[in-house]
Structures are given as structure tokens and as C-alpha cells.
Amino acid sequence: MAYAMVAEKAGGSSVFKKQSIELPKPKKGEVLIRQTAIGINYIDVYHRTGLYPPPGGEFPAILGSEGAGVVQGVGAGVTGLRPGDKVAYTAPGGAYATHRVIDADKLVKIPSGVKDEVAAAAMLKGLTAHYLIHDSYKVKPGDTVLFHAAAGGVGLIAGQWLKAKGVTAIGTAGSKEKCALARKNGYAKCIDYTKQDFVDEVRKITKGAGVQAVYDSVGKATYPGSLKCLAKFGTFVCFGQSSGPIEDFKLGDLSAYGSLYATRPTLFAFISERKELERRSKALFKAIKDGEVKIQVNQTFELDKVKAAHDALEKRQTTGQTVLVVS
Ligand code: NDP
């Protein structure tokens with residue numbers, strides 16, 4: 001049966017309802033995919049709760065922003081893709097379904113040897129790690145940086161990539177076990193920020209010098225501590241708010257803490273042009289195939305158990321990547 005898990009309204013994880021769907025016909029420039037794996041992301045929680053408007057603008061809505069599958073049909077004008085090709089994508093909304101249509105220019109072919117679950121888990125989180133460390137603050141060998149939620153989806157990818165680039169990465173995570181996992185994935189040090197003051201610890205580790213950049217997706221709970229960890233001219237990269245949005249950002253703090261830079265980036269700006277999506281996806285899949293970055297699918301759920309997947313993510317029970325599978 002073709003079905004979608006539809007969020008009927010903004011709210012808790014109980015808003016998801018299973019609904020059968022007609023197999024959509026791809027229009028001009030579109031592709032129909034039978035999905036095999038769908039990545040779960042924290043942004044899905046923001047869409048569900050209403051912190052961000054749902055993709056498409058209103059409820060009921062099909063959430064989910066990354067996935068992988070097999071091309072079943074192509075609309076007029078689509079070149080370079082045909083039925084049977086394995087593809088992956090990241091695009092806001094529409095992913096929590098067994099089948100979907102999507103614009104062809106959002107799709108990339110999955111390279112041979114990369115599993116669907118890995119591709120589905122890697123597109124949004126891996127491309128995010130890519131732009132964070134190459135663009136938001138472009139790291140250099142010898143830098144020291146701080147990365148919050150180091151054992152999470154984006155965090156585990158970033159730790160491995162930073163290490164490969166000769167960067168000393170300090171992570172933070174919410175338990176001893178998560179810290180041990182972060183250290184196995186590239187982080188030179190990891191601070192359990194539920195037990196220790198991460199600002200004091202970063203100062204100790206860097207002998208008072210501070211770090212060149214802080215990558216902060218936790219938001220309310222870690223601000224303004226993150227600014228206090230930065231070296232002079234350091235960069236505060238605020239890319240999420242799993243603990244709630246920062247409500248009292250003061251521009252003057254950037255001068256008070258050392259002529260700092262701050263940025264609030266979002267992935268979709270970095271891949272809105274087709275050639276950028278291709279360039280970054282190529283770099284990501286190369287890093288995966290070379291073994292520089294290992295995608296760790298540590299939790300899988302059937303698509304119709306999406307509620308359980310959201311509950312685990314929000315309760316901080318997950319590490320690495322979480323994927324919905326369609327069997
Ligand atoms: P994660 O797997 O990292 O899960 C979120 C983690 O945040 C939790 O596991 C938890 O780790 C930590 N956390 C800290 N405080 C809280 C809290 N109060 N409630 C829940 N979690 C908390 O998720 P993703 O990898 O999917 O995403 C990571 C972050 O990156 C999210 O904030 C997401 O929105 C953001 N993001 C931003 C993008 C962009 O382009 N701007 C793109 C992709 C993701 P711990 O227990 O260790 O603290």
C-alpha cells in the first residue's frame with residue numbers, strides 16, 4: 001500500500017496519522033520515486049511543533065526533508081534519470097511517504113557501494129556539516145573549534161571531517177556515553193555539558209586562548225556561553241536551536257567578547273543552485289567512500305513508527321543518524 005505519515009496539525013508527536021495515497025504522476029521536470037529510506041532530522045521537529053512553518057505553509061502536511069529510493073517514472077523534459085536509478089535528495093517536506101514526486105533537479109544519483117540508508121541519512125546532515133566547516137567558518141589545519149551536540153546526527157559527521165582536516169575539535173554532549181562516542185568520531189575532547197561548565201572546560205583545554213569557531217545548534221541553553229569560548233576575532237555559527245531559540249542576542253556582545261563574527265546559516269541557501277548541490281554532494285560521497293566520514297545509522301524505525309522516532313530524538317535518546325525504512 002502507498003501511504004504517507006501526515007502531520008494533521010502543529011503539536012506533539014501524536015499528530016502523525018497514516019493515510020493511503022494515490023500514486024502521483026510526475027509532471028514536467030518531476031520524478032516519481034519509490035522511497036526506501038528517509039532520514040529523520042531535528043528540523044522535522046521544528047516543522048511539527050510549529051516553531052518553523054510547515055513546508056508548503058499549512059497543515060495537514062507531509063514532513064521530512066531527506067530520503068533515498070528508486071526512480072519509478074519521469075515527467076516530460078527530465079534528462080539523465082530513468083526508472084530503476086537509485087537517487088537521494090534533501091528538500092523541505094514531503095519525505096514521510098512510501099512514494100513521492102519531486103523536482104528532478106533536487107535529486108542526485110547514489111554512487112555504487114553506498115547503501116540507501118546511508119544516502120538517506122547523509123544528504124541533509126552531511127551537506128550541513130560540509131557547508132559549516134567549509135563556508136560558515138572555513139577551518140584551517142591547526143585550528144581548534146567547539147562543536148555542540150557532538151554525538152548527534154550532524155555532530156558525528158562533523159567530528160570525523162574536522163579531524164581529517166587537521167582541526168582539533170572539542171565536542172559537547174549530554175552524557176558520558178555520548179562523549180565516549182564523540183571521542184571515537186574525531187573529537188579530541190568532549191565535555192558533558194549537563195555536568196560540567198563548558199566555558200570553564202574550553203578555557204582550560206585551550207589554556208585560556210579560546211577557539212576559532214563555535215558551531216552551535218543547541219541555542220538557548222548554550223548562549224551566551226558559546227561566545228565566551230571564542231578567541232579574539234572568532235566566529236559564532238548558530239545553526240539550530242534544539243533547546244529553544246536564542247531570544248536575547250546582543251550585537252554588543254560581539255565586541256565585548258573580542259570583535260567576534262556571528263552567522264545564522266541554513267543549508268538550503270548553500271544548495272539552491274544545482275551546481276552547488278552537485279559539488280557538495282560529490283564531496284560528501286567522496287568522503288564517505290574514502291572512509292573519511294562514516295555515516296552511523298544508529299536507530300532505524302519503520303515509516304509508520306515515525307512518532308517513536310520523533311520521541312527518541314526529542315528526548316535526546318539518539319546518537320548519530322536516525323532513519324525510517326520502508327519495507
Ligand atoms: P541531533 O541528532 O544533533 O539531535 C539534537 C541533539 O541536540 C540531541 O541529541 C541533544 O544532544 C542536543 N540537545 C541539547 N539540548 C537539547 C534539548 N533541550 N532538547 C533536545 N535535544 C537537545 O539532531 P540533528 O543532527 O538532526 O540536528 C542537529 C542540529 O542542527 C539541530 O538543531 C538542527 O536543527 C540543526 N540543523 C541545522 C541546519 C541548518 O542548515 N541550519 C541543517 C541541519 C541541522 P545532547 O544530549 O548530547 O545534548
Side-chain angles (χ1 to χ4, degrees), residues 13 38-49 51-52 63-66 90-92 95 120-137 146-161 170-183 185 187 190-196 198 214-223 225-226 236-246 262-272 276-277 280 284 295-299 309-324:
S13 57
I38 298 146
I40 287 273
N41 288 278
Y42 218 90
I43 194 172
D44 305 353
V45 174
Y46 305 148
H47 285 145
R48 196 203 71 222
T49 58
L51 177 66
Y52 292 177
L63 308 182
S65 297
E66 68 180 341
T90 175
M123 288 297 290
L124 199 158
K125 290 169 281 271
L127 293 176
T128 297
H130 184 267
Y131 86 72
L132 288 173
I133 66 177
H134 293 91
D135 298 272
S136 294
Y137 171 76
L146 177 65
F147 207 106
H148 289 303
V154 179
L156 282 192
I157 298 173
Q160 299 172 69
W161 228 336
I170 304 171
T172 63
S175 69
K176 200 167 81 182
E177 294 73 25
K178 284 185 175 185
C179 273
L181 182 66
R183 282 196 305 272
N185 285 276
Y187 291 91
C190 184
I191 304 159
D192 178 347
Y193 54 179
T194 60
K195 301 232 161 48
Q196 289 174 295
F198 72 85
V214 177
Y215 298 96
D216 188 337
S217 66
V218 174
K220 190 173 185 171
T222 43
Y223 180 84
S226 293
F236 173 56
V237 182
C238 169
F239 69 104
Q241 55 261 307
S242 51
S243 69
I246 298 170
T263 179
R264 177 54 178 99
T266 177
L267 169 66
F268 297 108
F270 291 86
I271 54 168
S272 60
E276 279 298 293
L277 172 65
R280 292 173 193 275
L284 173 63
I295 301 293
Q296 295 171 54
V297 180
N298 291 346
Q299 301 77 212
H310 272 232
D311 287 344
L313 189 62
E314 282 183 277
K315 288 182 186 156
R316 302 168 78 161
Q317 290 165 349
T318 65
T319 57
Q321 327 297 323
T322 303
V323 167
L324 303 173

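Quick note: numbers below take in every heavy atom, side chains included, and nothing from hydrogens, waters or symmetry partners. Ligands are counted one by one from 1 in listed order, and the atoms in each one are counted from 1 as well. Keep in mind that what you see is a predicted model, and the values were worked out from it rather than measured.
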Report task. Answer side chain, backbone, both or neither: which part of Lys220 comes under 4.0 Å from ligand 1, heavy atoms only. Result -> neither
Query - Nitrogen or oxygen atoms of Tyr131 and ligand 1 under 3.5 Å apart - result: yes
Query raised in the report: Using heavy atoms and a threshold below 4.0 Å, how should the contact between Glu314 and ligand 1 be classified: side chain, backbone, both, or neither?
Result: backbone
Report summary line: In ligand 1, the atoms that come under 4.0 Å of a heavy atom of Ala173 are 47 (O)
Query - Side-chain heavy atoms of Tyr46 within contact of Ser242, under 4.5 Å - result: yes
Query - For Val218, atoms of ligand 1 separated by under 4.0 Å from a heavy atom - result: 14 (C), 15 (N)
Query raised in the report: Which option out of Phe270, Tyr42, Phe239 puts a heavy atom nearest to atom 35 (C) of ligand 1?
Result: Phe239
Requested in this report: Output the list of atoms in ligand 1 that are nearer than 4.0 Å to some heavy atom of Lys178, sorted by atom number.
Outcome: 9 (O), 11 (O), 45 (P), 46 (O), 47 (O)
Report summary line: Leu313 heavy atoms within 4.0 Å reach ligand 1 at atoms 2 (O), 4 (O)
Query - Mutual orientation of the aromatic rings belonging to His148 and Tyr193 [parallel < 30°, tilted 30-60°, perpendicular > 60°] - result: parallel
Query raised in the report: Is Thr172 close to ligand 1, meaning an N/O of one under 3.5 Å from an N/O of the other?
Result: no
Report task. Would you tell me which option among Ile43, Leu127, Thr128 has the nearest heavy-atom contact to atom 42 (C) of ligand 1? Result -> Thr128
Query raised in the report: Looking only at distance, does Gly153 have an N or O less than 3.5 Å from an N or O of ligand 1?
Result: yes
Requested in this report: Would you check the N or O atoms of Gly320, main chain and side chain alike, for any that come under 3.5 Å of an N or O of ligand 1?
Outcome: no
Query raised in the report: Would one find an N or O of Tyr46, backbone or side chain, under 3.5 Å from an N or O of ligand 1?
Result: yes
**Report entry** Heteroatom distance test (Leu267, ligand 1): nitrogen or oxygen, under 3.5 angstrom
**Finding:** yes
